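All residue numbers in this chain count up from 1 along the given sequence. Fair warning: this is a prediction, and the values are worked out from it, not measured in the lab. Side chains are part of it too, since the values below use all heavy atoms of this structure and drop only hydrogens, waters and symmetry mates.
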Amino acid sequence: METSAAMDIEEQPSPNNNNNNLKRFGLKNSIQTNFGDDYVFQIIPKDDWSSMAVSLSTNTVKLYSPEKGQYYGECKGHYATINQIMFSDASNSHVLSSCSSDGTIRAWDTRTFQQISSINAGPSQEVFSFSFGGPGGNLIAAGCKSQILFWDWRNKKQIACLEESHVDDVTQVHFVHEEQSKLISTSVDGLICAFDTTGDINDDDHLESVINVGTSIAKVGIFGDNCQKLWCLTHIETLGIWDWKNGTNEVNFSDARGLASESWNLDQVDYFVDCHYSKEAEKLWVIGGTNAGALGYFPVNDKGQATIGGAEAILEGGHTDVVRSVLPMSRFHGGSAPSSVSSGIFGWTGGEDGRLCCWLSDDSTQINQSWIASSMIMKPEKTRKKKRHHPY
């Protein structure tokens, strides 16, 4: 039985930060769970923030309250690694979808935790990423090995297969939020492709542009005015900023880890977890971590002299291993939770130590001067290998 305890906050000194205005907050209570040695892969919020979904290395997805940490239930049915999870839009907000290396995309009713539909990509396929969109909003695109497959989600019928644009595993597919007919794909082959999905989709007529990053791509995100910019993290921990519409590179940080490591007093940054963009602040952060579990939010300046600035938020003391997912709830650091839900919570993180950590912020002072927190520890400390794992 998974239970939550009340949060008890204790202010502590902050010896490891360059900014004298930074504060830390230790969380003295914890949640008891049964994660055991599970990895936490991804944490995502429901549209109204009434729950958050957490994918685990046991091929299950668990649902929790992002405000109190209360456990709701789990969705179980995949028999291989879950590579991505996503809630549907507000009209079907109770539906959670997931894709897996078992070759399926499944939909779950989070009110009953039961599977309600499934799409099979075919024998020996693995689905690494998926996205909903298209001109009428009725398409599902999926990255499956070196192919991009399309279905009409209304009848689960496959309508297209792009198999000439990439020559290696497709790690990400994204329909562009502001232009739903546009699809961005990335791959281990180092290419970022942009497609127009209007009409009968094929490689010859619908591939609009190709960007060659030159190395295996781990994760991308679309941001900025008119969704024209794209950040790109690679498997060798470099960071690039591109204009995906005209294919130009605006910034390339080939030594991103070194620049981030120089921007705080903790151990060197060993890897990057994600990037987050705040529309309100018009600001992009790259989130770097250490093998011991500390995290930093490093601001990325892609205008004028490109720089990775000093850490503006530091999450230390919660994890003991590589962090795999960050769910920000503060709107100033890429989150969008309403104040009635966030109630001083900075966000949640999950990692390879099997912990799901809740971080608190002090909202009584200026937003960029009052971070950070300790964790809700969900299992006792245990010595683990300090080696990063790279499933797509």
Visitor: Could you see if I159 belongs to whatever hydrophobic cluster contains W153? Use Ile, Leu, Val, Met, Phe, Trp, Tyr and a side-chain cutoff under 4.5 Å.
Guide: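 Cluster IDs for I159 and W153 differ.
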Visitor: Can you label the angle between the F223 ring and the Y277 ring as parallel, tilted or perpendicular, going by 30° and 60°?
Guide: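 F223 vs Y277 ring planes: tilted.
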Visitor: Can a donor-acceptor pair be found, under 3.5 Å and without considering hydrogens, that links the side chain of S330 to the backbone of F332?
Guide: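 Yes; at least one donor-acceptor contact below 3.5 Å.
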Visitor: When you check the side-chain N and O atoms of S129 and Q84, is any donor under 3.5 Å from an acceptor?
Guide: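 Side chains of S129 and Q84: pair found under 3.5 Å.
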Visitor: Could you grab the distance from atom CG of N83 to atom CD of Q42, nearest 0.5 Å is fine?
Guide: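 Answer rounded to 0.5 Å: 9.5 Å.
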Visitor: Once rounded to the nearest 0.5 Å, what's the spacing between atom NZ of K229 and atom CD1 of I222?
Guide: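 Rounded to the nearest 0.5 Å, the NZ-CD1 separation comes to 14.0 Å.
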Visitor: Is any side-chain heavy atom of I105 closer than 4.5 Å to a side-chain heavy atom of W151?
Guide: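 Yes, their side chains come closer than 4.5 Å.
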Visitor: Within the structure provided, determine whether C232 and I217 are in side-chain contact (heavy-atom separation under 4.5 Å).
Guide: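 With C-beta onward as the side chain, the pair touches.
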Visitor: Would a distance-only check, ignoring hydrogens and angles, find a side-chain to backbone donor-acceptor pair under 3.5 Å from R111 to H94?
Guide: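 Checked: no pair found.
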Visitor: In terms of hydrophobic clustering (I, L, V, M, F, W, Y; side-chain heavy atoms under 4.5 Å; direct or indirect links), are W264 and V300 co-clustered?
Guide: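 Yes, W264 connects to V300 through the hydrophobic network.
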Visitor: For residues F253 and N301, report the shortest heavy-atom separation together with the two atoms involved.
Guide: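 Smallest heavy-atom distance, with atoms named: CZ-O, 4.2 Å.
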Visitor: Test side-chain contact (heavy atoms from CB on, under 4.5 Å) on S57 and F41; report intermediate values, then the result.
Guide: CA-CA 7 Å; S57 58; F41 284 150; 3.8 Å; yes
Visitor: Do Y72 and T110 make a side-chain contact, defined as non-hydrogen atoms from C-beta onward lying under 4.5 Å apart?
Guide: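 A side-chain contact under 4.5 Å is absent here.
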Visitor: Please answer whether the main-chain N or O of N202 pairs with a side-chain N or O of D204 as donor and acceptor at a distance below 3.5 Å.
Guide: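 Side chain of D204 to backbone of N202, a donor-acceptor pair under 3.5 Å: no, none is there.
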Visitor: List the atom of S117, the atom of Q115, and the distance in Å for their closest heavy-atom pair.
Guide: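 Nearest pair, atom of S117 first, then Q115: O-CG, 3.6 Å.
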Visitor: With distance as the sole test, does S336 use its side chain to make a donor-acceptor pair with the main-chain N or O of R331 at under 3.5 Å?
Guide: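 No.
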Visitor: What heavy-atom pair brings L207 and C193 nearest, and what distance separates the two atoms?
Guide: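 Smallest interatomic distance, heavy atoms only, reads CD1-CB, 3.8 Å.
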Visitor: Compare every heavy atom of L315 with every heavy atom of T349, then report the nearest pair and how far apart it is.
Guide: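 Heavy-atom minimum between the residues: CG2-CD1, 4.0 Å.
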Visitor: Nearest 0.5 Å please: distance from the CD atom of E282 over to the CD atom of E280.
Guide: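 Between atom CD of E282 and atom CD of E280 there are 9.5 Å.
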Visitor: Where do C227 and E178 come nearest, in terms of heavy atoms and distance?
Guide: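 Smallest interatomic distance, heavy atoms only, reads SG-CG, 3.2 Å.
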Visitor: Determine, stepwise, if the pair S340 / W49 fulfils side-chain contact (heavy atoms from CB on, under 4.5 Å).
Guide: CA-CA 10 Å; S340 60; W49 288 85; over 6 Å; no
Visitor: Quick one: pull up CD in Q158 and CZ in F150 and give me the separation to the nearest 0.5 Å.
Guide: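 These two atoms lie 10.0 Å from each other.
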Visitor: Would the distance check show the side chain of D102 and the main-chain N or O of Y79 forming a donor-acceptor pair, the cut-off being under 3.5 Å?
Guide: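 Judged by distance alone, yes, a pair lies under 3.5 Å.
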Visitor: If only atom types and distance count, is the side chain of T104 paired as donor or acceptor with the main-chain N or O of S118 below 3.5 Å?
Guide: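 Absent.
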Visitor: Look at atom NZ of K279 and say whether more than 12 heavy atoms of other residues, nucleotides or ligands are closer to it than 6.0 Å.
Guide: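 It does not: K279 NZ has 12 such atoms or fewer within range.
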Visitor: Enter the distance from S325:OG to W348:CH2 here, rounded to the nearest 0.5 Å.
Guide: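 Result: 12.5 Å between the selected atoms.
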Visitor: Would you find more than 12 non-hydrogen atoms of other residues, nucleotides or ligands less than 6.0 Å from N246 atom CG?
Guide: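 Atom CG in N246 is crowded, with more than 12 foreign heavy atoms closer than 6.0 Å.
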Visitor: My understanding is that only residues two or more places apart in sequence, or in another chain, count here; which of them pass salt bridge (charged side-chain N to carboxylate O under 4.0 Å, His left out) with K219?
Guide: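 K219 satisfies salt bridge (charged side-chain N to carboxylate O under 4.0 Å, His left out) with D274 only.
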Visitor: Got Y271 and N291 here, is their nearest side-chain heavy-atom distance under 4.5 Å?
Guide: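 SC-SC contact between Y271 and N291 confirmed.
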Visitor: Between V173 and F128, is any pair of side-chain heavy atoms under 4.5 Å apart?
Guide: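 The answer is no; the side chains never approach within 4.5 Å.
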Visitor: When you look at L139 and I201, which way does the side-chain contact (heavy atoms from CB on, under 4.5 Å) test go after all the steps?
Guide: CA-CA 11 Å; L139 296 181; I201 305 167; 4.1 Å; yes
Visitor: Does the pair W231 and L284 meet the rule for a side-chain contact (heavy atoms from CB on, under 4.5 Å), with working shown?
Guide: CA-CA 9 Å; W231 56 260; L284 179 71; 3.8 Å; yes
Visitor: With a 6.0 Å cut-off on ring centres, are F346 and Y297 close enough?
Guide: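 Yes, they do, as the ring centres are separated by less than 6.0 Å.
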Visitor: Can any side-chain N or O of S181 pair as donor or acceptor with the backbone N or O of T198 at less than 3.5 Å?
Guide: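 Flag not set: sc S181 to bb T198 has no pair under 3.5 Å.
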Visitor: Honestly curious: do L259 and F298 fall in one hydrophobic cluster under the side-chain, below-4.5 Å linking rule?
Guide: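 Yes, because L259 and F298 connect within a single hydrophobic cluster, where side-chain heavy atoms sit under 4.5 Å apart.
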Visitor: Working to the nearest 0.5 Å, report the span between NZ of K46 and OG of S88.
Guide: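 Interatomic distance, K46 NZ to S88 OG, rounded to 0.5 Å: 10.5 Å.
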Visitor: Answer yes if V213 and I184 sit in the same cluster of Ile, Leu, Val, Met, Phe, Trp and Tyr residues linked by side chain heavy atoms under 4.5 Å apart, and no otherwise.
Guide: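 Yes.
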Visitor: What I'd like to find out is whether the side chain of V188 reaches to under 4.5 Å of the side chain of T171, using heavy atoms alone.
Guide: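 Yes; the side chains approach each other to less than 4.5 Å.
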Visitor: Check each of E250, E208, E179 against K245 using the salt bridge (charged side-chain N to carboxylate O under 4.0 Å, His left out) test, and report the only one that passes.
Guide: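 Of all the options given, the one that passes is E179.
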Visitor: Determine whether a donor-acceptor pair (N or O, by modelled atom type, separation under 3.5 Å) exists between the side chain of D203 and the backbone of E163.
Guide: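 Flag set: sc D203 to bb E163 pair under 3.5 Å.
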Visitor: Between S187 and D168, is a side chain to side chain donor-acceptor pair (under 3.5 Å) present by the stated rule, with each step listed?
Guide: CA-CA 6 Å; S187 171; D168 214 327; 5.6 Å; no
Visitor: So, S261 side chain and V269 main chain: donor-acceptor pair closer than 3.5 Å or not?
Guide: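 Flag set: sc S261 to bb V269 pair under 3.5 Å.
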Visitor: Hey, are D109 and Q114 close enough side-chain-wise for a donor-acceptor pair under 3.5 Å?
Guide: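 Per modelled atom types, Q114 and D109 side chains form no pair under 3.5 Å.
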Visitor: Does the side chain of T248 come under 3.5 Å of the side chain of D243 through a donor N or O and an acceptor N or O?
Guide: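 Judged by distance alone, the side chains do not pair up.
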Visitor: Could you check whether the rings of H319 and W359 sit parallel, tilted or perpendicular, using 30° and 60° as the cut-offs?
Guide: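 The rings of H319 and W359 sit tilted, inter-plane angle from 30° to 60°.
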Visitor: Under a 4.5 Å cut-off applied to non-hydrogen side-chain atoms, are V220 and W242 in contact?
Guide: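 Sidechains of W242 and V220: no contact.
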Visitor: Which atom pair, heavy atoms only, marks the closest approach of F87 to A53?
Guide: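 Minimum heavy-atom separation between F87 and A53: CE1-CB, 3.9 Å.
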Visitor: Just by distance, no angles: are the side chains of E126 and S101 close enough, under 3.5 Å, to form a donor-acceptor pair?
Guide: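 Indeed, the side chains of E126 and S101 share at least one donor-acceptor pair under 3.5 Å.
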Visitor: Please say yes or no: joined through hydrophobic side-chain contacts below 4.5 Å, possibly via intermediate residues, are I44 and Y71 part of one cluster?
Guide: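 Looking at the clustering, Y71 is in a separate group from I44.
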Visitor: Less than 4.5 Å apart, any side-chain heavy atom of V40 and any of L56?
Guide: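 Contact flag for V40/L56 side chains = yes.
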Visitor: Main chain of T58, side chain of D38: is a donor-acceptor contact present, judged purely on distance under 3.5 Å?
Guide: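 Between the backbone of T58 and the side chain of D38 there is no qualifying donor-acceptor contact (under 3.5 Å).
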